[in-house]
Amino acid sequence: MGEAITPVRVKGVTIGEGAPTVFVPITGSTPEALRDQVDALDGRADLVEWRVDFFTALDDPDAVVTQARTLAEQLDGVPLLATFRTAHEGGEASIGDGNYATLCVALAASGAVDLVDVEYRRDPAAVRRIIEAAHAHGVAVVASNHDFDGTPARDDLVARLRAMQESGADICKIAVMPNSTADVLTLLDATRVMHEEHARVPIITMSMGGRGVISRLAGQVFGSAATFGMVGTPSAPGQIDAAELKTVLALLDRSQ
């Protein structure tokens, strides 16, 4: 068995203990669009993920930080995860390692975000810089990896999650694309192995697309601490409406 898992607590939300946390992404490209998306949440998100890569002013760190502070005010106590998903991992924009680190560090230092996403396979110096800055400002780090082409072997998935954990991340997240139902089982088994044998921090795993929906619903059974739902437009293939997701998660939680 692995060591005890250290939950992550942000603004009254606990990730890694009890029922899975529901993250809801917002993807507006302008302050007005983001405000409308926040208004539409209507209490359905435990935690909000701001996908910074959709924002039109992402080349201006000051504008990004200003928007983060506006969002934090609009969310009124709902925790905020800031994520710049790069094109290499399925996001909307490309960015160099230096600028990526600068933007993530600025967000971590803004006082507005509770967690920051770091793609752990970027330049090691940039990753280290972001993680150190986030922790210096009391911001939790979600290390992430995304594969939109397929599902690596179980041991490869476990190795990636372990590498994220060793980087100093507070949460480790991996999302992969299944090309068969067997791939979904591979992701779930990797989740089980990581959770039972290696995890010291919460892990979040998902198999994307229609085939992988079961992983978003029942990931908790195998050790995934959170899942991503949608309100309005999905930000990744296979996301389900957050309200419907919460109903299923509550049912599974009562059954365990």
I would like to know whether T191 and T205 meet side chain to side chain donor-acceptor pair (under 3.5 Å); could you show each step before the answer?
CA-CA 7 Å; T191 306; T205 67; 2.7 Å; yes

Take R85 and E92 through the side-chain contact (heavy atoms from CB on, under 4.5 Å) test and state the conclusion after the steps.
CA-CA 7 Å; R85 182 66 59 238; E92 293 295 303; over 6 Å; no

Output all residues satisfying side chain to side chain contact (heavy atoms under 4.5 Å, CB included) with A63, sequence neighbours left out; order by chain, then residue number.
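Checked A63 against side chain to side chain contact (heavy atoms under 4.5 Å, CB included); matches are A57, D60.
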
How would you list, by chain and number, every residue that makes a salt bridge (charged side-chain N to carboxylate O under 4.0 Å, His left out) with D97, sequence neighbours excluded?
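Listed in chain order: R122.
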
For D183, all residues meeting salt bridge (charged side-chain N to carboxylate O under 4.0 Å, His left out), sequence neighbours excluded:
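Per chain and number, D183 pairs via salt bridge (charged side-chain N to carboxylate O under 4.0 Å, His left out) with no residue.
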
For the residue pair [X] and [Y], what are the closest heavy atoms and their distance?
| X | Y | result |
| --- | --- | --- |
| E119 | T86 | OE1-OG1, 2.7 Å |
| R154 | T186 | N-CG2, 3.6 Å |
| S207 | S215 | N-OG, 2.8 Å |
| A33 | G28 | CB-CA, 3.9 Å |
| L58 | D53 | CD2-O, 3.3 Å |
| L75 | L80 | CD1-CD1, 3.8 Å |

Would you mind reporting whether [Y] and [X] have side-chain heavy atoms less than 4.5 Å apart?
| X | Y | value |
| --- | --- | --- |
| R192 | L188 | no |
| L115 | V141 | no |
| I15 | L47 | yes |
| T151 | L157 | yes |
| K246 | R44 | no |
| S144 | V118 | no |
| Q37 | V24 | no |
| L81 | V10 | no |

Under 4.5 Å between side-chain heavy atoms, counting indirect links through other Ile/Leu/Val/Met/Phe/Trp/Tyr residues: same cluster for [X] and [Y] or not?
| X | Y | value |
| --- | --- | --- |
| V201 | V193 | no |
| I204 | V8 | yes |
| L41 | I240 | yes |

side-chain hydrogen bond (donor to acceptor under 3.5 Å, both in side chains) against [X], all qualifying residues, sequence neighbours excluded:
| X | value |
| --- | --- |
| D147 | none |
| R200 | E166 |
| Q67 | none |
| R160 | N145, D156 |

side-chain contact (heavy atoms from CB on, under 4.5 Å) between V38 and V48, intermediate numbers included:
CA-CA 9 Å; V38 170; V48 168; 5.8 Å; no

Between CG on residue L107 and OG1 on residue T83, distance to nearest 0.5 Å:
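So the gap between those two atoms works out to 9.5 Å.
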
Which pairs with one or both residues in residues 13-29 pass salt bridge (Lys or Arg N to Asp or Glu O under 4.0 Å), sequence neighbours excluded?
R9-E17

Which residue pairs pass the salt bridge (Lys or Arg N to Asp or Glu O under 4.0 Å) test when at least one of the two sits in residues 170-180, sequence neighbours left out?
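Qualifying pairs: none.
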
May I have the step-by-step check of side-chain contact (heavy atoms from CB on, under 4.5 Å) for I203 and I5, ending in yes or no?
CA-CA 9 Å; I203 60 172; I5 291 173; over 6 Å; no

Sequence neighbours excluded, the answer for ring pair (Phe, Tyr, Trp, His ring centres under 6.0 Å) partners of F55 is W50

Sorted by chain and number, sequence neighbours left out, ring pair (Phe, Tyr, Trp, His ring centres under 6.0 Å) with F23 holds for F228

For residues 61-115, which residue pairs pass the ring-ring contact (aromatic ring centres under 6.0 Å, His included) check, not counting sequence neighbours?
none

Would you confirm whether S167, through its side chain, and M164, through its main-chain N or O, come within 3.5 Å as a donor-acceptor pair?
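Looks like yes, one N/O pair under 3.5 Å.
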
